[in-house]
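For reference, the structure is listed below as structure tokens.
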Amino acid sequence: MNAIIVSAILGVVMMFSGIFTKHKSTITLTAIAALFILLGANLLNSYGIFSIQVNTHELLYFNKLGLYFNTILIAATLIFVLLSGKEIENVGINTAEYYALIFFVLCGTTILTSFNGLLMLFLGIEIMSIPLYILTGAEKRNLKSNEASLKYFLMGAFSTGIMLMGIALLYGATGSFALSGQSVLPPSVGIPGASFLQAGGLILLFVSMCFKVSAAPFHFWTPDVYDGAPTVFTSFMATIVKAAGFFAFIKVFDANAALLGPSWKILLSIVIIATLFVGNITAVFQRSIKRMLAYSSIAQAGFMLFALYSYNDMAYQGILLYTVAYCLATIGFFAVLMKVKDYTFDGLNGLAAASPALAFAGTVFLLSLAGIPLTAGFFAKYYMLASVVKAGGALWIVIAAVLFAAVSVYYYFKVIQSMYFKEGQPELNEISTGFKVGVLLLAAVIITIGVLPSIVLNWLYF
Amino acid sequence: MIALLLLLIPLATGLICFGLKQGNAAKHFSLLASVATLILALVAVYTPTAIGYDTAWLSDLGSRFTLKMDGMGKMLCLLTAVVYPLIFTAVYRNEYKNASAFFGLMLLTQAGLMGVFLATDALLFYFFWELALIPVYFLCSLWGGEKRIAVTFKFFIYTFIGSLLMLVGLLYMYFQTADHSFSINSLYAVKLDAAHQSLLFWLFFVAFAIKMPIFPFHTWQPDAYEQSPTATTMVMSGVMVKMGIFAVIRWLIPMFPLATVQFSNTVIILSVIGMVYASLIAIRQDDIKRLIAYSSIAHIGLMSAAIFTNNSSALNGVMIQMFNHGINVIGLWIVADMIEKQLGTRKLSELGGLAQKAPAMAILLVMMALANIALPLTNAFVGEFLMFNGLFSYNIWIAAVAGISIILAAVYTLNMVQKIIYGNLSARTENAIDLPLNVKFALVIIALLVIVFGVFPQPMIELTKDSVTALFVKK
Amino acid sequence: MSTIQILFFFLSTLAVFSSIMVLVSKNPVHSILWLITVFFAISGHYILLNAQFLAIVNLIVYAGAIMVLFLFVIMLMNLNAATEPRKNWWMKLTGVVSGGCFLMVLVSLVRQATEITGKNVLMKTGDIGLIKNLGKTLFSDFVVPFEISSVLFLSAMVGAVVIGKKD
Amino acid sequence: MPIQYYIYFCLTLFTIGIIGVLTRRNAIIVFICVELMLNAVNLLLVAFSKMHHGAALAANPTTTVGIEAQLFVFFIMVVAAAEVSVGLAIIVMMYRNTHSVDINFLNRLKN
Amino acid sequence: MSKIVFLVPLFPLLGFLVNGLGRKHLSKSAVGIIGSGMIFLSLLASSYLFGMVLFHSSPIADGKPLESVVTLFNFIKTDAFTIPFEFQVDQLSILFLLIITGIGFLIHLYSTAYMKEEEPQHYARYFAYLNLFIFSMLLLVMGGNYIIMFIGWEGVGLCSYLLIGYWFKNGDYNYAAKKAFIMNRIGDLGFLLAVFWILYRLGTVSYSQVFTHIHQLSAADITAITTLLFIGAMGKSAQIPLYTWLPDAMAGPTPVSALIHAATMVTAGIYMIARSNILYTMAPATQTLVAIVGLATAIFAATIALKQNDIKKVLAYSTVSQLGYMFLALGVGAYTGAVFHVMTHAFFKALLFLGAGSVIHAMHHEQDIRKMGNLKKYMPITHITFLLACLAIAGIPPFSGFFSKDEILVGAFAKNPLYYFIGVGGALMTTFYMFRLYTLTFLGNFRGSKEQEHHLHESPSAMTFPLIVLAILSVVGGFIGIPEVFAADKHWLEHFLSPIFAESAKLSETHHLSHSQEYIMMGVVTTLIVGVIIFTVNHFKKFSAADSGEATGFGKILANKWYIDEIYDKAIVNPLNAFAGLLKNVIEKTGIDGAVNGVGKLVAYGSRQLRLVQSGQVASYLLIMILAMVVFFIVWFNDITITKLVEKLF
């Protein structure tokens, strides 16, 4: 409960911070401080030292996993703000409001990590989404930003509608909004598993969740929105928000997946393969790195979906590890990218010569995204694949996945190529020493996790 | 402990190299480092007992940091350790922009190679497999020829796909093991039915086949060899291709005996086709580097064929040939590099008459060439003899077809020799000079190795006997 | 045929008809007016179901507030003329067809749903729809989401300001 | 009144909303159609709540089964209101820049 | 004994190393002394061994000398088999040792003078190669198993390659060298396969074991092995079809031709077959093959030799044809005869080459005999020795050639009279072209240019001395093998070699033909030969530069060597090249690599197409979503087909 309340309050605080100071940097500092507080609050909660007790009537419940995941998300946000605070200030004049919205989003993600029942799921997703519509449109004079925001909004609302219909059908079948996973059919009835109404509801729910985590064929909003949104918020959306969405997705179907019976795996395989296919293949021919990353984030989602394919311990460890690896790498790389004025591949030509630190860090992030061994990304993918193999059967889907991973190497390494092997003079924004140190530290963290993933996982079982 | 050092010295020195400011320091430093490694490797080789190192690593993944040196490991480590000082000596006078990075990456590659040859934990092995690849990617892309980026990229992705497939196979095997561990013994202990074995066999084999490379997975190789900086090419063709063969012997065959029996015919036929095919293409090559590349494909083809003949003496042959081929091909590369550096061309048609200008080079080149066509009393003969013998006992006709490549080898190698050093001087060669001292030194060392191991192959055979017998006990 | 059924069918047909009109009418203003009728029809349904609170809220919030907001916006942009260029028939057709497929699938789903066969909806009676009970539950069991939805409004407000205000 | 009637009715409304979203180009109308979908869901929820309530009522005259659905509808309305405010703001911003609310006009971002 | 055995090959090796490494520093004379001195030492060593063998072997019943095999170390030792680095010194090898070192020494001596013009460095290179060759040749004949023999086998091939291409500036010479090496390589493959076969069946390659365990081999095995071995011999000893390299090999310096391409290397094949005689005796089919190939080669090469005008080419073809005779002998089981002919042939053919060399030397590298003549006036010694050699090769009694050739022909007759008559025809041709050569070179009137004539002179003593020695040998060399028609068991050579061929002798019944028959045959043949000689000499005496026109008709075909080289090019070389080109340019590029790149291109294409799906239209996005949902539902009712679905509706 701590995180929800604190984030809400801090959101309000940030909102008002704009009144008291006109210095954007001060606002950023406030935000950083606030994030530290939030992180502290959540940690206190997760270690059970101090937590605000509220009777939520089983609408929310806080378990280690959720709190831990939430901690990851908040920490990621902290890193995000530390690295990209400058860019947030550059988006527009309403810096304070942007931070406020970010905190409201965090409130939403917290709900998504602790919801217990479809009502809170619905509220959490909305609380998370509505600020994002605005952040996407934050560059008011930029038509792309407007367009992205409107598209995001319309399609988001539509998917909400789908989700609600799903919830309604589920309610009709079961008479409750709990994530029961109980079949309403009496055992006497022939087919075990979900009744038709229930199944329809679950499928609609599944579709809307796929939409939220941008899994094909419900991913279409992602490239446009990520491309149009201010880059700094793209990095926020592509990482923290998406991860939260995934956690919710997994949580919803943890109990209910079984109800759909064998066809559940079929549906999921379709979605996984489609996602990997679309994400990787389309990313190959992008000219803008930003858009390429949008597609690659779709591809990464494809890998994360394996956690749903195989609900086992490795899947949960994997999704945690994946979230960490993916968030860190993506945030880091976006931070590097934002130092470059031109987001096309040629824009990065000769970056290695211009700023070795940036180029090196960027390379590490990309290697991690590509899942090269001895980076965090490798173990993330490794756990996902391993969980599937462990769950048994379906070696073909794993093989397909690794082939697509090979494709992903293609476009990630194209960036490395332009940074290292191509001649050019990239025009850069001014780069502070602190920033360099920051990205290098982040790279170091990624490599450390890559060598000893257990340090992340062991924390899970404190 | 020695095993660990063999791994750590190149790794540490490589990382230090990046730090060094001016290139010359890096050059000398890396030379020293490689020599140190060589000494260590010699110590390891002359240690009679098996050397190993073992410590906990990814315990919750069932993987330990386990290094072990059997005969084959010792020999390949020795190869890696011998090759590097030679290369560094040979390229001593070459100027590399940003040299410290160059030598750093080279040493990192060495570390990776050592790791591959030492690791007896599958996951560890996989890591080193990749670690050896990445620096090479950067080396080739940064210091290579004009088409380097595309070519290297193809090479990288090609091999990467292979290793990913291998990873899937490893995962599957891991969950089959009784104690959920990646340790080589647990993996050996797994008994799968034929159907699963054949699937997994191919998952692994493709990875190794691409690395070796054997027909038809070879097309990345000539381009990569042609475009890479020669120092890197030497590492690739001298040592890296052995990774594939090594992996087949160390991992593939013991893990999937049934599938090995089932598919040995396919593999052998592929390899033999590759031998003749590559030799024929080599005949028509005008580019020295490509010619050497294709001849290397032919030689590797023979090795991979010999492995699958299920014949112990053939395996002995493979063992020593892994070392000898590494030595010889590096000799050829050094000469090719000299020619390119001096005369600015790799076209045979533009060369000629170097025997008049550079007698020392001519003599050494002829020796390398003779080793390349496996003349008796050169080191290559013994290996090829044993391997052909094994192939013969497997199937006479296959052996006969493969034998054609012996003739073809003579054709293209002598072609090369004739066009380079004999005949009249060409416009490019008339102001050629003889080898510089460092290159001459490296080549003479190689020539001595060629003769010594050609006359006394026995120690090499003895060194690797245990691996051979181990394999045949296992099967 | 009881009055309830008559009312039900009347309201349903009204709702469906007017919602179709929402689609087909060129003039946005008309669409909105038709939508308002839809809302009235639905409120009527609520009343039939004896969900008085929702009926009222529906009228106030939707028909009252939201639709007026829409109207304002449209007036503001003076789109009241039929400005929308004709969408190509192909797109329309595919839209309708796929929508039809969707409906068909769901309907067939419902037809097979055994668990609701023979279940009836309690009309007119039942007091859960009354403000008293709803309020009690809302402020006891559902207080947390109620409070949390304030965050939603906050962010909506902030957003509206950030987006809406000129700069 | 059998529940199926309500379900068919609501699904019809819902589908009409979907079709509207698919076929109309005016952003506002599209948005309206989304609202239509939400209303369909609302009605369906209420119908279900009454269904369950009715079923439970037989056993226990003072039961409040099904009330949570009506509250859910309440929350949907809340969210809808919030969405409308944001959505209209976005549309207005869009209109300011492009003087159009045609969603086909939105194709700077593609491929 | 063992110590000495190692010395024999050691000396030439030393010579090679010293001359090779010190070629920049040593003076010519030093080089010459080292080069020939080393060979002389090893000649001494081998003659010592000869003595020992002679002494030891005679008293022992089975004739095997004590410890004829000495092992140096284990060359290859695997679990499956062991191949020791061993030498076997018995009657056969010691005989060859003597021939090699003896003639080798003479030719080294000769070379010191012949190669005088070369600059020191290359002079040293020449002697280094020569020593290396002797070393390899010794390895070949001393080797105690097929592998060591193979080492020498390849070694001599290498040396001949190096020496043919000795004047490396000349492209044609290099080409000839390469051709020689590759053609040998083809034979070597056969040899290797045979070795593998033996190893595969018997698990050893040492002669001692192979020949004792031979009964373990099936007849098919033996036939295959012997055939493969014979293919090896074809390459090395220039038999049809692999003979074409030998005439081209004349590109090398003349002493080299004398040593390698007449006396020693080319007889390796004969040595090898004689060594494994037991195998051949047990494979009659192969024997017939050997005989036929040998005979064919003998005749074929002789015909070509008839019309050659290059002095060395004539000799080259005569060598080929003489080798053919030797194989004929082997084929008919007259192993002793073969070895005998090897020896005598070594004498007179070496002599002929050296004589030719001395002529060429005098004529300033003019090799066309049509431009020579009347040289007897200027170079008497050369002339006399050359004449003796011609008589020897023609087989006039009592010159050495007579005895050896006669023995072969008798053996052939015993096997099959047809062989005999064809063989005689060959002999007559031999006589013809040899005396054509002789006459055109030494008799008649000089047809060369003036200043050539002016420079004509007898060669220095270093060159004439070997000529004289060889001349003596080729005159008297025959007396070690007197057929018993003249004197009962005076055939010393047969006795000496009997232990080697003992096994074969047991297996093959040798029905001797009556003495009267033999006398008649000899008489007829000899008179015929004499007739031919007289005719030839008279005919070519009056030869003048005028009628040195191009040959026509059949003569043209002969002059062009039956166009064999051209046919080989058309039939084998060009198609192979074309095929290789096809592989390189089509299969590799567009085929395999094309497939690999094709995958990449496919991905790129897919990418370009998929981007279009992202149309930017919200409606289309949602449309796809809806359709996908419908699909999902249908997947979920996987038991319900669409049709069922429809009928459920109504």
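By convention in this document, chain letters (A, B, ...) are assigned in the order of the sequence lines, proteins followed by strands, and residues within each chain are numbered from 1.
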Working for side-chain contact (heavy atoms from CB on, under 4.5 Å), residues C/T94 and D/L22: CA-CA 9 Å; C/T94 41; D/L22 292 182; over 6 Å; no
Closest non-hydrogen atom pair between D/I29 and C/S31, with its separation: CD1-OG, 3.6 Å
Atom of D/R24, atom of C/S25 and distance for their closest heavy-atom approach: NH1-O, 3.2 Å
Contact check, side chains of C/F53 and D/Q70, non-hydrogen atoms, under 4.5 Å: no
Gap separating the NE2 atom of D/H52 from the NZ atom of C/K119, nearest 0.5 angstrom: 6.0 Å
Side chain, backbone, both or neither of D/A82 within contact of chain C (heavy atoms, under 4.5 Å): both
Interatomic distance, D/L71 atom CG to C/D141 atom CG [nearest 0.5 angstrom]: 8.5 Å
Interface residue of largest heavy-atom contact number with chain D, from C/I4, C/N58, C/L93, under 4.5 Å: C/N58
Separation between OG1 of D/T15 and CZ of C/F102, rounded to the nearest 0.5 Å: 6.5 Å
Heavy-atom pairs under 4.5 Å with chain C, option from D/V46, D/V79, D/V86 with the top count: D/V46
Gap separating the CG atom of C/L106 from the CG atom of D/L11, nearest 0.5 angstrom: 5.5 Å
Atom pair CD1/CD1 of C/I74 and D/I32 - distance to nearest 0.5 Å: 5.5 Å
Under 4.5 Å from a heavy atom of chain D, the part of C/F153 involved: side chain
Heavy-atom check, side chain of D/V78 versus side chain of C/F146, under 4.5 Å: no
Where D/Y95 and C/M77 come nearest, the two heavy atoms and their spacing: OH-O, 3.4 Å
Side chain proximity check, C/T137 to D/T64, heavy atoms < 4.5 angstrom: no
side-chain contact (heavy atoms from CB on, under 4.5 Å) assessment of D/C33 paired with C/L23: CA-CA 8 Å; D/C33 294; C/L23 291 199; 3.6 Å; yes
Most chain D-contacting option - heavy-atom pairs closer than 4.5 Å, from C/L54, C/V24, C/I66, C/L152: C/L54
C/F142 ring center near D/F74 ring center (under 6.0 Å): no
side-chain contact (heavy atoms from CB on, under 4.5 Å) between D/Y5 and C/V121, worked out: CA-CA 10 Å; D/Y5 290 15; C/V121 181; over 6 Å; no
D/E68 portion near chain C, given a 4.5 angstrom heavy-atom threshold: both
Euclidean distance, D/E35 CD relative to C/I32 CD1, rounded to 0.5 Å: 11.0 Å
D/F14 vs C/L103 side-chain heavy atoms within contact, under 4.5 Å: no
C/H45 and D/Y6 aromatic ring geometry - parallel, tilted or perpendicular at 30°/60° bounds: perpendicular
Under 4.5 Å from any heavy atom of chain C - which part of D/I3: both
Minimum heavy-atom distance D/A89-C/I163, with the two atoms named: O-CG2, 3.5 Å
Student check: side-chain heavy atoms of D/N42 and C/Y46 closer than 4.5 Å: yes
Worked verdict on C/V16 versus D/I16 for side-chain contact (heavy atoms from CB on, under 4.5 Å): CA-CA 8 Å; C/V16 170; D/I16 291 171; 4.0 Å; yes
Largest heavy-atom contact set with chain C, pairs under 4.5 Å, which of D/I18, D/I28, D/V73, D/I67: D/I67
Under 4.5 Å from any heavy atom of chain D - which part of C/L35: side chain
Minimal non-hydrogen separation, C/G95 against D/I19, with atom names: O-CG1, 4.2 Å
Max heavy-atom pair count under 4.5 Å with chain D, selected residue of C/V61, C/V57, C/L48, C/V96: C/V96
Least distance between heavy atoms, D/K50 atom then C/L122 atom: CE-O, 3.1 Å
C/F8 and D/F9 aromatic ring geometry - parallel, tilted or perpendicular at 30°/60° bounds: perpendicular
Pick from C/V38, C/L138, C/L76, C/N50 with the largest number of heavy-atom pairs that fall under 4.5 Å of chain D: C/L138
Side chain proximity check, C/Y62 to D/L38, heavy atoms < 4.5 angstrom: yes
